[in-house]
Number of protein chains: 2
Amino acid sequence: MSDVSISPGLPQSGLEQPVSVFEMIREDIISGRLEPNERLKVAELSDRYGTSTNPVREALQQLRGEGFVIMEPNRGARVLPIDEAFVRDIIEIEVLIEPTLTRWFVSIATDADIAALEAAQAEIEAVNFSDATRHGQLDTRFHQLIYDRHYNRHAAELWWKHREILRAIARRYPTSLSRRAAVLSEHRELIARIKAQDADGAAAVVAQHVEGSGRHIIEQMGAAKRLRP
Amino acid sequence: MSDVSISPGLPQSGLEQPVSVFEMIREDIISGRLEPNERLKVAELSDRYGTSTNPVREALQQLRGEGFVIMEPNRGARVLPIDEAFVRDIIEIEVLIEPTLTRWFVSIATDADIAALEAAQAEIEAVNFSDATRHGQLDTRFHQLIYDRHYNRHAAELWWKHREILRAIARRYPTSLSRRAAVLSEHRELIARIKAQDADGAAAVVAQHVEGSGRHIIEQMGAAKRLRP
DNA sequence: AATTCAAAAATAATGTACGATCCAATCAAT
DNA sequence: ATTGATTGGATCGTACATTATTTTTGAATT
């Protein structure tokens, strides 16, 4: 394979700003500036991003291909609407993939890798959920340290796509105190298992971590719906 | 969720012909009429399909989003080039997903479902690899009977997408006699496990089936490369 | 004469503009 | 309530401008 990725793929730093219309719309969806289920009118968007309609249409098609946007014939595009079932579906896939990626990491992790993980975790604990967006970034980076090392780029990119979708949802809801505690302790536990070269243990922690994260989001979605249906 | 799929999704019969430019290009990629790594020039394609350039450009963007096409800035689109590592990556994911989908099927399968599976298998054995394309269709349908029943549409669509990619590759290579025998016996074994309500057994057979299929494709790719490098 | 390199031409992607047509949702009138 | 006209917006087509890439050409050097 060349250095050409089949999709935008994983960013190197996570700090660069979007340049293409595609990236800008994508970013607006993930960051929540475009609501789930919101209609995406080509004219509006081309205006918003200061381009003509063609680039917008092409960007929407690409987003459709990636699953961030749905389109109905002659009725245009909408931001992917997300319900509990959708989150559950993604989480079920991640529960299969992430432990597998983690197992590989355990087998190749160096001291430097573990030090990087511990540093990332220290940052997470320092922020301590005071800034939700910042926590999201750091948490993503923590896991990215693990998954980026995997030889299966396809699986890593799938994780990344799911991660972005989940991030787009999760940012609309608060994180409960109990979930916060669980996140921290599971991260610590994960590092410990990696250090101990316990691949199965690490995989089990990750599975629990992913599942807990999914359950938490689904519960928050339900709670929010009960408040304002 | 509504009845709107996030992507073209799974067809009902598998027999209808493509209508949109998107579907036609996709079909030409999967069927091999467009070679892996072949350049996809907008003007050529718009000519080929009798449309203007705009629909072609949008179709290519959508295909890029789905991963069938890669694009480099200012250098246009190419059909996804496929190497052994790519097949391995997809197979590794399928080895995780398909057994899980199968487990669910075992828990909900009715007599009618099993009869349908047996009928599909009978057809496969009747064709007996005499027509590779036909076998491919039937084999896809066999597994589709299982996966279509799953509540996780996201996972089922992922399977479908991977299936199509693998089909596009596999059709370029012959199926060895030993692989043919393995396919038939594994299918029979799978049906037996499902009948016996042995979810773990069925999942194990599927895992072996997927892995064997991947190994076979990779071996054929290697063999072909050794002949004409 | 052969080789190298740079300028120029050709090719093709990308972006803009705009008009035609079609679909479906809304509103009006029967 | 059904039908029919209006209208917003998507879809598709055409044409052309701009920019980047690739190929060709031709001059200069070895």
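Hydrogens, waters and symmetry mates are skipped; everything else that's a heavy atom, side chains included, is used. These numbers were taken from a predicted model, which means no experiment stands behind them. Per chain, numbering begins at 1; letters A, B, ... match sequence-line order.
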Whole-Å distance, B:R75 CZ to D:dA20 C1', equals 10 Å
When A:P55 and B:V42 are each assigned the nearest nucleotide of DNA chain C, the 5'-most assignment goes to B:V42
In whole angstroms, the gap separating P of C:dA13 from CG of B:N54 amounts to 14 Å
B:E58 atom CD is separated from D:dT11 atom P, nearest whole Å, by 8 Å
To the nearest angstrom, the CD1-P distance between B:I70 and C:dA13 comes to 14 Å
To the nearest angstrom, the CE-P distance between A:M24 and C:dG15 comes to 10 Å
Flag the pair B:E58 and A:R64 as a salt bridge only when some basic side-chain nitrogen lies within less than 4.0 angstrom of an acidic carboxylate oxygen.
-> no
Using a 4.0 Å heavy-atom cut-off across all strands, classify B:T51 as base, sugar-phosphate, or nothing. sugar-phosphate
- Message: Is it the case that the base of C:dG15 and the side chain of B:R57 share a donor-acceptor contact (distance under 3.5 Å, atom types as modelled)?
- Response: yes
Check: Does B:R179 come within less than 4.0 Å of B:E219, counting only side-chain N to carboxylate O?
Finding: no
query: Between A:E98 and A:R163, is there a side-chain N and carboxylate O pair less than 4.0 Å apart?
result: no
Margin query: Counting the atoms with a prime plus P, OP1 and OP2 as sugar-phosphate, which does B:L40 contact under 4.0 Å by heavy atoms, base, sugar-phosphate, or nothing?
Written below: sugar-phosphate
Between NZ of A:K41 and P of D:dA10 the distance, given in whole Å, is 7 Å
Donor/acceptor link under 3.5 angstrom from B:N74 side chain onto base of D:dT21: no
For D:dG9, does either OP1 or OP2 sit under 4.0 Å from a side-chain N or O belonging to A:R39? no
Taken to the nearest whole Å, CE/A:M71 to P/D:dA10 is 9 Å
Is the shortest distance from a Lys or Arg side-chain nitrogen in A:D139 or A:R134 to a carboxylate oxygen in the other one below 4.0 Å?
no
Side-chain atoms of B:S52 come closest, of D:dA10, C:dA13, D:dT14, to D:dT14
In whole angstroms, the gap separating P of C:dT14 from CZ of B:R64 amounts to 8 Å
For a side chain to side chain contact (heavy atoms under 4.5 Å, CB included) check, start with the C-alpha distance between A:F22 and A:L60, then their side-chain angles and the critical distance, and finish with the verdict.
CA-CA 7 Å; A:F22 165 76; A:L60 290 179; over 6 Å; no
